[in-house]
Amino acid sequence: MVECELLSKCGFFNKHQDSKQAACSGFIAMYCKGAKMDECKRKAYRKEHGVAPSDDMMPTGSMISS
Ligand code: SF4
């Protein structure tokens, strides 16, 4: 299985991988372990700013609402 190379150090993935929220598990399947991993906004943020975004920023760039 192909996985994002940032998986082990990604705050979103590590915090939300067991989430029961459909949005989280759906995005993990689509981005972290799926075809859209190169379109991840978290990855783009990291590249642009040199630091990781908030753990609650999703691969789409939106924030998880609690
Ligand atoms: S959220 Fe983005 S950076 Fe994090 S593991 Fe998933 S695809 Fe990779």
Side-chain angles (χ1 to χ4, degrees):
M1 192 207 309
V2 185
E3 292 178 345
C4 174
E5 73 280 7
L6 294 172
L7 206 66
S8 61
K9 55 180 173 183
C10 178
F12 168 80
F13 180 76
N14 287 301
K15 183 171 174 184
H16 299 292
Q17 59 178 324
D18 298 323
S19 171
K20 299 284 181 288
Q21 277 192 53
C24 288
S25 49
F27 287 144
I28 285 171
M30 258 193 314
Y31 288 84
C32 312
K33 299 182 177 183
K36 288 171 77 96
M37 65 177 66
D38 291 331
E39 296 167 39
C40 178
K41 293 281 196 296
R42 294 185 55 87
K43 224 181 256 189
Y45 183 101
R46 204 184 260 267
K47 200 179 256 180
E48 191 180 334
H49 299 276
V51 290
S54 157
D55 292 351
D56 292 330
M57 182 176 141
M58 298 188 280
T60 53
S62 326
M63 289 295 177
I64 291 174
S65 48
S66 46

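Order of appearance sets the numbers: ligands from 1, and atoms from 1 within every ligand.
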Q. Is there a path of hydrophobic side-chain contacts, each under 4.5 Å between heavy atoms of I, L, V, M, F, W or Y residues, that connects Met37 with Leu7?
A. no
Q | Those atoms of ligand 1 less than 4.0 Å from some heavy atom in Pro59 | A | 1 (S)
Q: Please write down residue, atom name and distance for the protein heavy atom closest to atom 6 (Fe) of ligand 1.
A: Cys32 SG, 2.3 Å
Q: Tell me which protein heavy atom sits closest to atom 4 (Fe) of ligand 1, plus the residue, atom name and distance to 0.1 Å.
A: Cys10 SG, 2.3 Å
Q. Tell me: protein heavy atom nearest atom 1 (S) of ligand 1, and distance?
A. Arg42 CD, 3.4 Å
Q: Verify the distance criterion only: is there a donor paired with an acceptor across the side chains of Asp56 and His16 at less than 3.5 Å?
A: yes
Side-chain donor-acceptor pairs under 3.5 Å in residues 23-32, sequence neighbours left out?
{"from": "Ser25", "atom 1": "OG", "to": "Gln21", "atom 2": "O", "distance (Å)": "3.4"}
{"from": "Ser25", "atom 1": "OG", "to": "Ala22", "atom 2": "O", "distance (Å)": "3.3"}

Q) For ligand 1, which part of Cys40 has a heavy atom less than 4.0 Å away: the side chain, the backbone, both, or neither? A) side chain
Q: Taking only heavy atoms of Leu7 into account, list the atoms of ligand 1 that are under 4.0 Å away from them.
A: 5 (S)
Q) Is the distance between atom 4 (Fe) of ligand 1 and the nearest N/O/S atom of Cys4 smaller than 2.8 Å? A) no
Q. Nearest 0.5 Å, what's the CG-NZ distance between Asp38 and Lys43?
A. 5.0 Å
**Q.** Short side-chain to backbone donor-acceptor contact, Arg42 and Met57, under 3.5 Å
**A.** yes
Q) Same hydrophobic cluster for Val51 and Phe13, using side-chain heavy-atom links shorter than 4.5 Å among ILVMFWY? A) no
Q. Atoms of ligand 1 less than 4.0 Å from Phe12 heavy atoms?
A. 1 (S)
